[in-house]
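What follows is a set of notes on a single structure, which appears directly below.
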Amino acid sequence: MEEYMLPCLSKSLFGVECLGCGTQRALALLFQGDFIGAFKMYPAIYTTLLFFMFLLIHLIDKSRNYSKIVITLAIMNAFIMVIAYYYKHFY
């Protein structure tokens, strides 16, 4: 599975990882059952999955309003991504 992963364009061109680097590898670790390894690889993996799950529910279920949950999860996910990126590069 890892041989079919897409390379990071930012890392390939500039040598600098982007905020999403590690997402595919963390998802592969989740499929293998390594939940702690997935979190260590990409700390925002669980909030990203939760965000996409509620976004899909929001797009399918028009009878309820999930916009506050989706916006809250997007902000929380962005915050975790920035903190993890900062931690990875400076510590």
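Atom set for the values below is all heavy atoms of this structure, side chains included, hydrogens, waters and symmetry mates excluded.
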Does any part of the side chain of Leu29, heavy atoms only, come nearer than 4.5 Å to the side chain of Arg25, both counted from C-beta?
no
In Å and rounded to the nearest 0.5 Å, what is the OG1 to CD1 distance from Thr47 to Ile75?
12.5 Å
Just wondering, more than 12 heavy atoms not from Leu59 lying within 6.0 Å of its CG?
yes
Transitively linked via ILVMFWY side-chain contacts under 4.5 Å: Val70 with Met53?
yes
Quick check: closest heavy atoms across Asp61 and Ser63, and the distance to 0.1 Å?
OD1-OG, 2.6 Å
Please tell me whether Phe35 and Met41 are part of a single hydrophobic cluster in this structure, the criterion being side-chain heavy atoms less than 4.5 Å apart.
no
Shared ILVMFWY cluster between Leu55 and Met76, side chains joined below 4.5 angstrom?
yes
How far does CE of Met5 sit from CD of Gln24, to the nearest 0.5 angstrom?
6.0 Å
Is the Tyr66 ring parallel, tilted or perpendicular to the His58 ring (thresholds 30°, 60°)?
perpendicular
In a table with atom names and distances, give each donor-acceptor pair under 3.5 Å that connects a side chain of residues 79-91 to protein atoms at least two apart or in another chain.
| unit_1 | atom_1 | unit_2 | atom_2 | d |
| --- | --- | --- | --- | --- |
| Tyr85 | OH | Glu17 | O | 3.1 |
| Lys88 | NZ | Glu17 | OE1 | 3.1 |

Answer yes if Leu56 and Phe51 sit in the same cluster of Ile, Leu, Val, Met, Phe, Trp and Tyr residues linked by side chain heavy atoms under 4.5 Å apart, and no otherwise.
no
Applying side-chain contact (heavy atoms from CB on, under 4.5 Å), run through Leu49 and Leu30 and close with a yes or a no.
CA-CA 11 Å; Leu49 292 175; Leu30 275 180; 3.5 Å; yes
To the nearest 0.5 Å, tell me how far Ile69 CD1 sits from Leu73 CG.
7.5 Å
Single-linkage hydrophobic cluster Ile45~Ile36, side-chain heavy atoms < 4.5 angstrom
no
Let me see the working for Leu27 and Tyr42 under side-chain contact (heavy atoms from CB on, under 4.5 Å), right down to the final yes or no.
CA-CA 9 Å; Leu27 198 57; Tyr42 187 68; over 6 Å; no
Looking only at heavy atoms, what is the nearest atom pair of Thr23 and Gly20, with distance?
OG1-O, 2.6 Å
